[in-house]
Amino acid sequence: QVQLVESGGGLVQAGGSLRVSCAASGRTFSSFSMGWFRQTPGKEREFVAAIDKSGTTTYYADSVKGRFTISRDNAKNMVYLQMNSLKPEDTAVYSCAATSRLAITIQRGGCDYWGQGTQVTVSS
């Protein structure tokens with residue numbers, strides 16, 4: 001029902017910042033809770049952040065809390081992940097995901113739609 005396309009990945013030095021974006025199709029973007037996940041080769045996909053349908057409530061993994069900020073613009077069908085104070089261990093493919101369920105459920109990985117992902121590499 002919704003297609004997701006990420007952008008904004010790249011190479012950044014440790015301590016730097018980067019913002020990745022997710023563009024969603026459809027006319028009912030506000031009916032979806034949104035989230036960001038990341039994955040490195042040989043490892044399981046890891047929850048990063050989630051945001052509720054109205055953009056008023058957010059959830060973060062402990063590993064990124066205080067450094068990353070998830071936001072959304074329902075008028076533009078966009079969701080963003082602002083990443084500050086980046087560390088080499090943040091290196092991963094970052095993917096956005098959507099679900100019609102509550103945002104709090106995203107931490108369990110039960111999203112219905114997934115983007116292709118964008119590579120973020122943090123050098124030391």
Side-chain angles (χ1 to χ4, degrees):
Q1 191 176 112
V2 61
Q3 287 75 50
L4 307 172
V5 180
E6 301 92 338
S7 63
L11 176 64
V12 62
Q13 290 186 326
S17 297
L18 201 65
R19 187 180 76 163
V20 291
S21 302
C22 177
S25 68
R27 303 173 64 183
T28 57
F29 178 63
S30 62
S31 68
F32 293 95
S33 302
M34 300 295 298
W36 286 97
F37 292 78
R38 64 188 183 186
Q39 188 171 27
T40 57
K43 301 189 69 175
E44 297 292 318
R45 199 193 323 262
E46 176 189 16
F47 165 76
V48 176
I51 189 165
D52 72 352
K53 298 171 183 179
S54 65
T56 59
T57 304
T58 57
Y59 305 88
Y60 296 95
D62 289 342
S63 59
V64 307
K65 193 172 299 182
R67 298 187 298 121
F68 291 11
T69 302
I70 187 172
S71 61
R72 68 189 296 163
D73 186 338
N74 286 349
K76 297 181 179 179
N77 282 18
M78 296 288 292
V79 61
Y80 308 97
L81 184 69
Q82 177 67 46
M83 300 179 287
N84 298 327
S85 301
L86 282 162
K87 306 173 181 179
E89 51 262 46
D90 295 320
T91 295
V93 173
Y94 284 73
S95 301
C96 64
T99 180
S100 61
R101 295 178 288 274
L102 298 177
I104 194 170
T105 70
I106 291 178
Q107 299 174 75
R108 308 201 302 259
C111 289
D112 303 308
Y113 307 97
W114 296 85
Q116 292 291 108
T118 186
Q119 176 71 46
V120 173
T121 302
V122 184
S123 64
S124 60

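We count residues from 1, following the sequence as given. These numbers come from a predicted model, not from an experiment.
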Spatial distance of atom CH2 (W36) from atom CZ (F47) [nearest 0.5 Å]:
13.0 Å
Which residue pairs pass the salt bridge (charged side-chain N to carboxylate O under 4.0 Å, His left out) test when at least one of the two sits in residues 47-64, sequence neighbours left out?
D62-K65
Is the shortest side-chain heavy-atom distance between R67 and D90 below 4.5 Å?
yes
For the atom pair CZ (F68) and OG (S63), what is the distance rounded to the nearest 0.5 Å?
7.5 Å
Please round to the nearest 0.5 Å and tell me the distance separating atom CZ of R72 and atom SG of C22.
10.0 Å
Testing R38, Q119, Q39 one by one against Y94 for a side-chain hydrogen bond (donor to acceptor under 3.5 Å, both in side chains), which residue passes?
R38
S124 to P88 - nearest heavy-atom pair and separation
CB-CG, 4.0 Å
How close do T91 and T40 get, counting heavy atoms only, and between which atoms?
O-CG2, 3.0 Å
Between F37 and I106, does the side chain to side chain contact (heavy atoms under 4.5 Å, CB included) criterion hold? Intermediate values first, please.
CA-CA 10 Å; F37 292 78; I106 291 178; 3.6 Å; yes
Nearest heavy atoms of S31 and T28, plus distance in Å
OG-O, 2.6 Å
Distance check, rounded to the nearest 0.5 Å: T57 atom OG1 versus I70 atom CD1?
11.5 Å
What's the spacing between F32 CZ and N74 CG if we round to 0.5 Å?
11.5 Å
Name each donor-acceptor pair under 3.5 Å that joins a side chain in residues 75-84 to protein atoms two or more places apart or in another chain, with its distance.
unit_1, atom_1, unit_2, atom_2, d
N77, ND2, A24, O, 3.4
N77, ND2, G26, O, 2.6
Q82, NE2, N84, OD1, 3.0
N84, OD1, S17, OG, 2.9

Enter the distance from M34:CE to C111:SG here, rounded to the nearest 0.5 Å.
8.0 Å
N/O donor-acceptor pair under 3.5 Å between T99 side chain and D112 backbone:
no
So which atom in A103 and which in A50 form the shortest heavy-atom distance, rounded to 0.1 Å?
O-CB, 3.9 Å
Same cluster or not: W114 versus L102, using hydrophobic residues (I, L, V, M, F, W, Y) connected whenever any side-chain heavy atoms lie under 4.5 Å apart?
yes
Only distances under 3.5 Å count here; give the side-chain donor-acceptor pairs of residues 3-16 to other protein atoms, sequence neighbours excluded, each with its distance to 0.1 Å.
unit_1, atom_1, unit_2, atom_2, d
Q3, OE1, S25, OG, 2.8
E6, OE1, Q116, N, 3.0
E6, OE1, G117, N, 2.8
E6, OE2, C96, N, 2.8
E6, OE2, G117, N, 3.3

